[in-house]
**Student:** 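Next up is a structure, given as structure tokens.
Quick note: residue numbers are just sequence positions, from 1.
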Amino acid sequence: MNDVRRRILIVDDMPSNIKILNDILRDDYAVSVAITGAEALEIVRGPARPDLILLDIMMPEMDGYEVCRRLKDDPETREIPILFVTAMGDVEDETRGLELGGVDYITKPVSPPIVRARVNNHIRLKLHQDHLEELVWIRTRELAVTQDATIRSLASLAETRDNETG
């Protein structure tokens, strides 16, 4: 990747699950933790926005589905990849999570190599997506400048060619 340590937010109400995921990821990523959905939303809207979120579904007050829905409804946070990490292994649960905008679904108990690989893959995809968006912005800007210069050149040419309208 590059020299910057990417930020991962783990959202789970169970300290044991947080410890397991933190132990798996802390060597490669800057890990932060939230134990409620409301706390996760607060962290995500703060200055140290995560590059990826690992989100449990079964939490008190606000479940992971609702946290995901709120993040995807907000233009400021909708592009952050969300990986659901949950004990809910039914196809319907996984389908719902993916339909809400989650990019992946990992069932507990987790396998450390699988978690590392999926997190790494989604971080790399996010970096490529961000790079492509930057390139599109740059090319669009260059096109606008070129278009403006072309219009000015044509106007100048028309003025110098026509003695009556010059």
**Student:** Working to the nearest 0.5 angstrom, can you tell me the gap between Arg7 CZ and Tyr29 OH?
**Tutor:**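 Reported value, rounded in 0.5 Å steps: 13.5 Å.
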**Student:** Run the numbers on Leu25 and Leu54 for side chain to side chain contact (heavy atoms under 4.5 Å, CB included), then give the verdict.
**Tutor:** CA-CA 11 Å; Leu25 299 169; Leu54 297 174; 3.4 Å; yes
**Student:** Just to verify, what does Arg141 make a side chain to side chain donor-acceptor pair (under 3.5 Å) with, not counting sequence neighbours?
**Tutor:** none
**Student:** Under 4.5 Å between side-chain heavy atoms, counting indirect links through other Ile/Leu/Val/Met/Phe/Trp/Tyr residues: same cluster for Ile57 and Leu71 or not?
**Tutor:** yes
**Student:** Is there a path of hydrophobic side-chain contacts, each under 4.5 Å between heavy atoms of I/L/V/M/F/W/Y residues, joining Leu9 to Val119?
**Tutor:**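 Cluster IDs for Val119 and Leu9 differ.
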**Student:** How far does NE2 of His122 sit from CD of Gln129, to the nearest 0.5 angstrom?
**Tutor:** 12.0 Å
**Student:** Once rounded to the nearest 0.5 Å, what's the spacing between atom CG of Asp104 and atom CD1 of Ile82?
**Tutor:** 12.0 Å
**Student:** Take Glu142 and Ile138 through the side chain to side chain contact (heavy atoms under 4.5 Å, CB included) test and state the conclusion after the steps.
**Tutor:** CA-CA 6 Å; Glu142 288 173 352; Ile138 289 169; 3.6 Å; yes
**Student:** Shared ILVMFWY cluster between Leu52 and Val103, side chains joined below 4.5 angstrom?
**Tutor:**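 In one cluster with Leu52: Val103, yes.
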**Student:** Using a cut-off of 6.0 Å, state whether more than 12 heavy atoms not belonging to Glu42 lie near its atom CD.
**Tutor:** no
**Student:** Is there a continuous path of hydrophobic side-chain contacts, each under 4.5 Å between heavy atoms, that joins Ile18 to Ile20?
**Tutor:**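 Same hydrophobic cluster.
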**Student:** Measure the CZ-CD1 distance between Phe84 and Ile53 for me, rounded to the nearest 0.5 Å.
**Tutor:** 10.0 Å
**Student:** Hey, does the side chain of Arg78 reach the backbone of Gly101 with a donor-acceptor pair shorter than 3.5 angstrom?
**Tutor:** no
**Student:** Looking only at heavy atoms, which two atoms of Lys72 and Ile80 are closest? And how far apart?
**Tutor:**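 Lys72 and Ile80 have their closest heavy atoms at NZ-O, 2.9 Å.
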**Student:** I need the minimum non-hydrogen distance between Tyr65 and Asp93, along with the two atoms involved.
**Tutor:**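 Residues Tyr65 and Asp93, closest heavy atoms: OH-O, 3.1 Å.
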**Student:** Please determine whether a side-chain nitrogen of the Lys or Arg among Lys19 and Asp23 lies less than 4.0 Å from a carboxylate oxygen of the Asp or Glu.
**Tutor:** yes
**Student:** Can you tell me how far apart CG (Leu55) and CD1 (Ile10) are? Round to the nearest 0.5 Å.
**Tutor:** 11.5 Å
**Student:** Tell me, do Val85 and Lys108 make a side-chain contact under 4.5 Å, heavy atoms counted?
**Tutor:** yes
**Student:** Would you check if Asn120 and Arg124 make a side-chain contact, meaning some heavy-atom pair closer than 4.5 Å?
**Tutor:**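 Yes, their side chains come closer than 4.5 Å.
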**Student:** Ignoring hydrogens and geometry, is there a side-chain-to-backbone donor-acceptor pair from Asn121 to Ala117 under 3.5 Å?
**Tutor:**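 Yes, because the side chain of Asn121 sits within donor-acceptor range (under 3.5 Å) of the backbone of Ala117.
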**Student:** Group every Ile, Leu, Val, Met, Phe, Trp and Tyr by side-chain heavy-atom contacts under 4.5 Å, then state whether Val110 and Leu98 land in the same group.
**Tutor:** no
**Student:** Would you mind reporting whether Asp13 and Thr36 have side-chain heavy atoms less than 4.5 Å apart?
**Tutor:** no
**Student:** Just by distance, do the side chain of Asp90 and the backbone of Glu92 share a donor-acceptor pair under 3.5 Å?
**Tutor:**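 No.
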**Student:** Measure across Gly102 and Cys68 and return the closest heavy-atom pair with its distance rounded to 0.1 Å.
**Tutor:** N-SG, 4.1 Å
**Student:** I would like to know whether Leu41 and Met62 meet side chain to side chain contact (heavy atoms under 4.5 Å, CB included); could you show each step before the answer?
**Tutor:** CA-CA 11 Å; Leu41 293 173; Met62 185 186 315; 3.9 Å; yes
**Student:** Holding to salt bridge (charged side-chain N to carboxylate O under 4.0 Å, His left out), I want the full list of residues that pass it with Arg69, two or more places apart in sequence or in another chain.
**Tutor:**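 Here the qualifying residues are Glu66, Asp73.
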**Student:** Please examine the side chains of Thr95 and Tyr105, heavy atoms only from C-beta on, and report whether any two atoms are closer than 4.5 Å.
**Tutor:** no
**Student:** Identify the heavy atoms of Val67 and Gly37 that sit nearest to each other, and give their distance.
**Tutor:** CG2-CA, 3.4 Å
**Student:** If I compare all heavy atoms of Arg49 with all of Arg45, which pair ends up nearest, and what's the gap?
**Tutor:**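 Where Arg49 meets Arg45 most closely, the heavy atoms are NH2-CA, 4.4 Å.
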**Student:** Step by step, work out the side chain to side chain contact (heavy atoms under 4.5 Å, CB included) result for Met88 and Met58.
**Tutor:** CA-CA 8 Å; Met88 298 171 65; Met58 296 183 295; 3.3 Å; yes
**Student:** How many angstroms lie between atom CD1 of Ile151 and atom OG1 of Thr146, to the nearest 0.5 angstrom?
**Tutor:** 11.0 Å
**Student:** Given side chains that start at C-beta, do those of Ile123 and Ile8 come closer than 4.5 Å, heavy atoms only?
**Tutor:** yes
**Student:** Within the structure provided, determine whether Leu127 and Arg6 are in side-chain contact (heavy-atom separation under 4.5 Å).
**Tutor:** yes
**Student:** Side-chain contact, heavy-atom cut-off 4.5 Å: Ile24 with Arg116?
**Tutor:** yes
**Student:** Are Arg118 and Ile106 close enough that some pair of their side-chain heavy atoms sits under 4.5 Å apart?
**Tutor:**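 Yes, at least one pair of side-chain atoms sits under 4.5 Å.
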